[in-house]
There are 2 protein chains.
Amino acid sequence: MAVTIRDVAKRAGVSLGTVSRYLNGYRLREENRLKVEKAIQELGFKQNIIAKGLKSNRSMTIGVVIDDFTNIFCTSIVTAIERTVEKENYSIILCDYEGDTEKLEQKLNFLRDRFVDGLILFSNNVRLSIMDEYIRDGIPIVIVNEDIPGFNTDKVLVDNAGASFRAVERFIHSNHTKIAIINGPPNSWVSQQRFEGYKQALEAYNLPVESRWIKYGNFTTVGGYLAAKEFFEGADIPTALYVTNYYMTLGAVMAIHELNIKVPQELSIIGFDYFELSDVIKPSLTVIEQPTSKMGEIAGNLILKRIKGDYTGYPEVHTLHTRMIVRDSVRAIS
Amino acid sequence: MAVTIRDVAKRAGVSLGTVSRYLNGYRLREENRLKVEKAIQELGFKQNIIAKGLKSNRSMTIGVVIDDFTNIFCTSIVTAIERTVEKENYSIILCDYEGDTEKLEQKLNFLRDRFVDGLILFSNNVRLSIMDEYIRDGIPIVIVNEDIPGFNTDKVLVDNAGASFRAVERFIHSNHTKIAIINGPPNSWVSQQRFEGYKQALEAYNLPVESRWIKYGNFTTVGGYLAAKEFFEGADIPTALYVTNYYMTLGAVMAIHELNIKVPQELSIIGFDYFELSDVIKPSLTVIEQPTSKMGEIAGNLILKRIKGDYTGYPEVHTLHTRMIVRDSVRAIS
DNA sequence: TTGTATGCGTTATCAC
DNA sequence: GTGATAACGCATACAA
């Protein structure tokens with residue numbers, strides 16, 4: 001039914017092997033090259049990537065596992081990964097595990113059954129034994145965003161602690177002392193690092209780290225909303241608020257609007273990754289921007305490099321820097 | 001390297017064919033079945049899905065093309081699709097085309113080169129000639145959400161006009177006459193249908209359809225924000241606002257909060273798909289909820305059915321109903 | 001029921 | 001350089 005390399009050979013009057021060699025970039029006698037090209041044109045031949053995979057043990061697919069399809073931070077990176085790997089004709093099989101460790105491991109097995117040539121993993125919440133099976137089969141792994149500290153492989157991370165430090169420092173330079181943080185879940189490496197930066201900044205300026213200024217929003221919009229509400233319901237109110245991811249920032253802003261708190265007059269705020277509304281809402285928020293495109297590009301190129309068998313510099317750990325986009329939500333107090 | 005069916009056969013002391021048949025659910029003599037199962041266990045054998053695909057002409061993958069990885073409405077459906085098809089051991093290759101028709105067609109070709117067994121398409125913006133190639137190759141197509149009216153295939157749609165009608169009717173029953181709509185791009189079938197319902201409702205109650213109450217937000221948060229701003233900047237202000245998707249609703253709410261407009265005292269509002277904040281923001285919004293899980297499930301089962309060669313009822317067009325979740329954002333005026 | 005042999009579309013290893 | 005041929009891992013028609 002589909003036209004094969006054999007059909008092309010017949011049409012071109014050469015052998016099957018010659019066509020195969022042509023397709024794989026070997027040199028042919030000029031005359032044959034033209035005949036083969038002509039035949040391919042006329043027959044509309046396309047290589048069968050599956051058959052190719054059978055021989056070469058390559059599926060030309062890369063498994064990408066993220067927490068949740070609906071997480072815009074992850075999917076932004078995935079967009080860049082896809083753009084990068086498709087250039088070399090790889091496609092990605094994207095899976096989410098909805099925060100369920102059980103499901104995550106099931107997906108990792110699933111991907112292995114499909115002979116993915118590489119794995120890009122957004123998670124720190126996985127048993128190393130499964131990863132070892134990948135290693136054993138020689139399938140390269142790149143970890144993105146969330147680190148698994150004990151696990152030795154290529155990683156594309158963000159300088160979370162540094163980002164937090166600079167955010168909090170900015171508040172301190174503006175004379176704030178009641179600096180609250182809405183952080184992600186404590187078992188997340190990212191959360192831990194972001195908290196670490198918060199703590200280090202306070203300590204660097206001899207300010208106390210007080211539990212009343214620390215709340216957890218589970219990296220969700222609802223969580224951020226509720227945490228912000230709690231902060232402003234009591235008598236003891238922070239003057240500065242640092243929110244450590246996009247969804248919680250969204251939720252916190254909703255809460256603040258609803259409570260009719262003036263930003264930055266009554267509250268200074270620094271958020272994270274304010275994708276869609278960046279330049280639109282008033283007052284425009286000062287946010288920490290993560291280089292999602294770059295992360296995806298690096299992760300994509302890294303996995304391609306390893307798939308090709310190039311293990312120079314292994315393990316590469318890229319720690320990318322964030323950028324603070326200064327807008328109008330931070331005010332100096334007296 | 002990997003353990004093959006041949007290894008299993010040798011270990012079990014049966015022929016390769018016997019093992020193959022076992023794997024494909026044929027009956028074996030009890031004694032042989034046990035031997036084969038034992039061998040599979042001991043060797044940790046796993047079928048090579050790629051080799052299998054070469055024979056059966058099945059890739060066990062389904063191509064899913066959405067507009068944008070970061071669109072939560074689409075990804076919610078995709079989550080359900082994936083959950084459905086993975087039960088039958090299919091995986092999905094998810095592509096986005098970022099609103100670029102050129103890129104969309106490129107992706108469709110890409111997926112065809114990978115021998116996807118089926119295609120699930122979220123778009124109305126594609127040349128039929130490409131689809132015809134799928135048809136010709138016998139690859140089933142299911143269209144989700146956006147309809148391509150001239151194109152005859154299985155579809156999973158939403159009763160957009162009906163949803164709009166009931167939303168606007170609700171406003172009318174509450175004595176509103178200045179009913180504004182923030183709609184998506186006019187070239188989208190979904191937009192057209194949602195506008196149609198808006199129009200029909202007004203006409204049904206002998207109210208005029210006025211262009212001053214119609215704005216376009218391009219289905220984006222920023223678009224919704226800007227459109228809402230425009231509505232409330234002039235002297236001529238609507239008393240009711242209907243926003244036709246999630247992102248625009250988010251943006252509109254931001255604008256409304258920022259302008260300090262009281263809901264529902266000064267403005268009644270009905271939005272769409274208020275995923276994350278549904279029960280959280282105050283006043284809680286009355287929204288139209290689309291059955292994303294169900295859409296994904298139906299689309300997944302439909303494509304599986306067609307892949308199996310079951311073309312009963314073709315073409316099936318499922319038009320699902322939305323649900324209005326009534327909360328506190330609509331108020332009757334005198 | 002089972003074993004044998006052939007083929008799926010491609011790559012790779014031979015001689016030539 | 002090129003052509004013939006044997007794999008890759010599996011499914012299946014056929015004979016037994």
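Treat the numbers as computed from the prediction; the structure is a model and nothing was measured. Only this structure's heavy atoms are used, side chains among them; waters, hydrogens and symmetry mates stay out.
- The shortest distance between the side-chain N/O atoms of B:Asn48 and the OP1/OP2 oxygens of D:dC8 is not below 4.0 Å.
- At a threshold of 4.0 angstrom between heavy atoms, the contacts of B:Ser20 include nucleobase atoms, whether or not backbone atoms are also involved.
- Counting any heavy atom pair closer than 4.0 Å across all strands shown, A:Phe115 reaches no nucleic acid atom.
- For the salt bridge (charged side-chain N to carboxylate O under 4.0 Å, His left out) test with B:Glu88, the passing option among B:Lys305, B:Arg83, B:Lys308 is B:Lys308; the others fail.
- Between the CZ atom of B:Arg6 and the P atom of C:dG3 there is a distance of 14 Å, rounded to whole Å.
- Side chain to side chain, A:Ser76 and A:Thr79 fail the donor-acceptor criterion of an N or O pair below 3.5 Å.
- Using a 4.0 Å cut-off, some side-chain N or O of A:Arg29 falls inside it from OP1 or OP2 of D:dT2.
- Atoms OH (A:Tyr22) and P (C:dT10) sit 14 Å apart, rounded to a whole Å.
- Atom CD1 of B:Ile5 and atom P of C:dA5 are 17 Å apart (whole Å).
- Rounded to whole angstrom, the span from the CD1 atom of B:Ile49 across to the C1' atom of C:dC8 amounts to 16 Å.
- In this structure, B:Leu34 atom CG and C:dT1 atom C1' are separated by 15 Å, rounded to whole Å.
- Residue B:Lys55 places no side-chain N or O under 4.0 Å from the OP1 or OP2 atom of C:dG7.
- A:Tyr26 has its OH atom 13 Å from the C1' atom of C:dT10, to the nearest Å.
- Using modelled atom types and a 3.5 Å distance limit, the side chains of A:Arg114 and A:Thr61 yield no donor-acceptor pair.
- B:Asp68 places a side-chain N or O within 3.5 Å of a backbone atom of B:Thr70 that can act as its donor or acceptor partner.
- Contact annotation: A:Thr18 reaches the phosphate of D:dG3 (side-chain N/O to OP1 or OP2, under 4.0 Å).
- Nucleic acid contact class of A:Leu16 (heavy atoms, under 4.0 Å, all strands): base.
- One can place CD1 of B:Ile50 at 21 Å from P of D:dA7, the figure rounded to the nearest angstrom.
- We find that CG of A:Leu23 is positioned 13 Å from P of D:dT2, with the value rounded to whole Å.
- Geometrically, B:Arg33 does not engage B:Tyr22 in a cation-pi contact defined by less than 6.0 Å to the ring centre and at most 45° from the axis.
- The side chain of B:Asn32 contributes no N or O atom lying less than 4.0 Å from OP1 or OP2 of C:dT1.
- Counting distance only, with no hydrogens placed and no angle test, the side-chain atoms of A:Arg21 and the base atoms of D:dG3 include a donor-acceptor pair under 3.5 Å.
- Between C:dT11, D:dC8, D:dA11, one nucleotide has an atom nearer to the side chain of A:Leu54 than all others, and that is D:dC8.
- A:Leu28 comes within 4.0 angstrom of the backbone, heavy atoms only, and of no base.
- Considering only heavy atoms from C-beta on, B:Val142 stays 4.5 Å or farther from B:Leu121 through its side chain.
- At a threshold of 4.0 angstrom between heavy atoms, the contacts of B:Arg27 are confined to the sugar-phosphate backbone, with no base atom among them.
- Residues B:Glu30 and A:Thr4 both approach DNA chain C. Their nearest nucleotides, taken by heavy-atom distance, put B:Glu30 toward the 5′ side.
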